[in-house]
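These notes are about the structure you will find just below.
Lettering of chains follows the sequences in order, A, B, ..., and the numbering in each one begins at 1. The model shown is predicted, which means the values in this text are computed figures rather than measured ones.
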There are 2 protein chains.
Amino acid sequence: MKDDSATPDADPVPLRRRRRATATREILDAAQEQIALHGPFGLSLRSIARGLGMTVQALYHYFPSRDELVTALITEAYHELADAVRSAVDSAPPHGDLPRFVIAAEAFRRWGLDNPSRFQLLYGTPLLRYEAPADGRTTAGARRIGTVFYRELFGAFTHEQLSRTEVPPLSPALRARLEQMPPEMFGGLPPQAAVLFVSVWGHLHGLVVLEVFGHTSFIGPLQAEIFRGAMHNLFSDTQRRIPAD
Amino acid sequence: MKDDSATPDADPVPLRRRRRATATREILDAAQEQIALHGPFGLSLRSIARGLGMTVQALYHYFPSRDELVTALITEAYHELADAVRSAVDSAPPHGDLPRFVIAAEAFRRWGLDNPSRFQLLYGTPLLRYEAPADGRTTAGARRIGTVFYRELFGAFTHEQLSRTEVPPLSPALRARLEQMPPEMFGGLPPQAAVLFVSVWGHLHGLVVLEVFGHTSFIGPLQAEIFRGAMHNLFSDTQRRIPAD
DNA sequence: AGATTTACCTAACAGTGTTAATCAAACAGT
DNA sequence: ACTGTTTGATTAACACTGTTAGGTAAATCT
């Protein structure tokens, strides 16, 4: 009898690591709650610390600065949003009455309306004196979101078809710029489709932004219907621009 | 000889009024400069006062609170943006190669890119602890902007034509809600056109927001071309949805 | 058991919006 | 011209923010 635990004695499971992990988690949760309550600019280290029963300076043992905490919050939010959109699409019937693009769009909108402050953290005014890290840590989740949408829009077509997408003629410069784009941006879409995708993304994004930021509140709860109709039109307009053969 | 001034002695032109007006103007200008430099959340009463060579508390004699100052800034910015869009449309040839809708859209985008911080003040995350006044002071300019756009989109059609705009069928509730909308909102547009306008506005707004907030910076300066193409398509798609007869 | 890392503390600095109390200059009415 | 009042601007203070420095006790590692 050498050990009473199920795991061999290879990893002693440092007890302090676990404490550190749970404390880190608690800080992140408290920060998210703060943002949900008072908006992304209402984030306050001192207030977080108060809520956890410790002093501000203690937080600096878990995050070296406010920026690092914010980076973690943004990264998490992007991935949560991406998960919401992706799982909505995955759990949808493959041939329902609603195009899966519309389902994805409505999941995006839903998350924004359910988490307005975190949506603002992602897509609103950049936080004061916050610099996003040079590596794409924060925006990796953002790209995951885009992937879902252009898969639904263009997944059924060949690269050759997409290259004949009906868009205004592209200047050689723009064509070249988009062709040498890293594949993680537009997934290797031909320039015509990439341009169309930017337009579609702007449309979808803009309607949600208007609603989440309260610029169309005078319409009331019926915005859901307007949004669905707009997304439906947007989807069919987009599909019509791609030649069937 | 009863008076040496050109104006009769009816209005003594209170000297202090003038000082007050110029001081107010100086404060507003300093505030706008601050916002332009450090973003809408970088506004600091103390910093404004320092720049003008006085103490913070003196500012309270011109604006009863920070919120009142912010309200003035937002109101001014909306009207400046509306002026920019309107004058661009007015100074455009009536039958040029570019639809006047596209010209208006590009003026809107141009102002946003030239004044990113003030654009964020209008359309970004609401300022912390700021409450917009109950009367529509701040949003009056915003409505002026909308007016320009739906005049260009729908001005050439009759009310009867617009009521047959091709959009997904509207629920009775939405139809009723839009019909009893105050006319300063959608200028008395029939519900079908109003719905289409919201969609168009979202599209236009979304593309500009993405660009101003830096979410498409990886595309570079060629976004101008993408934007023009998208607005061109948007305009023709919209016109196609309105029956010619 | 001794050395080291980790966690947390108090104290301090410069910054924020706002209120209170105070004082001088400009205006209004008699 | 002399009041009384409004306006402009001041100093002082309160509670708040992120961050750094220095010190202490506990947990971990060697």
Would you kindly give the CG-to-C1' distance between B:L127 and C:dT16, to the nearest whole Å?
14 Å
Determine yes or no for a side-chain-to-main-chain donor-acceptor pair under 3.5 angstrom, with B:S47 supplying the side chain and B:L43 the backbone.
no
Measure CZ/B:F41 against C1'/D:dG18 and give the value in whole Å, please.
17 Å
Distance-minimising heavy-atom pair for A:V198 and B:L207
O-CD2, 3.6 Å
Candidate pair B:F186 and B:W201, rule ring pair (Phe, Tyr, Trp, His ring centres under 6.0 Å), full reasoning
CA-CA 12 Å; B:F186 290 128; B:W201 178 247; over 10 Å; no
Main chain of B:I219, side chain of A:R177: is a donor-acceptor contact present, judged purely on distance under 3.5 Å?
yes
Find the distance A:L128:CG to C:dT16:C1' and express it as a whole number of Å.
11 Å
For B:E26 and D:dG8, what is the distance between atoms CD and C1' respectively, to the nearest whole Å?
14 Å
Does C:dT6 have its OP1 or OP2 closer than 4.0 Å to a side-chain nitrogen or oxygen of A:R20?
no
Short question: side chain of B:H203, backbone of B:L234 - any donor-acceptor pair under 3.5 Å?
no
Which of residues 47-70 of chain A sit near DNA chain C, with a heavy atom under 4.0 Å from it?
A:M54, A:T55, A:Q57, A:A58, A:H61, A:Y62
Report yes or no: does B:Y62 contribute a side-chain atom to a donor-acceptor pair with the main-chain N or O of B:A23 at less than 3.5 Å?
no
What is the distance, rounded to the nearest whole Å, between atom NE2 of A:H38 and atom C1' of C:dT16?
17 Å
Under 3.5 Å, is there an N or O donor on one side and an acceptor on the other linking the side chain of B:R19 and the base of D:dG8?
no
In whole angstroms, the gap separating C1' of C:dT10 from CZ of A:R46 amounts to 12 Å
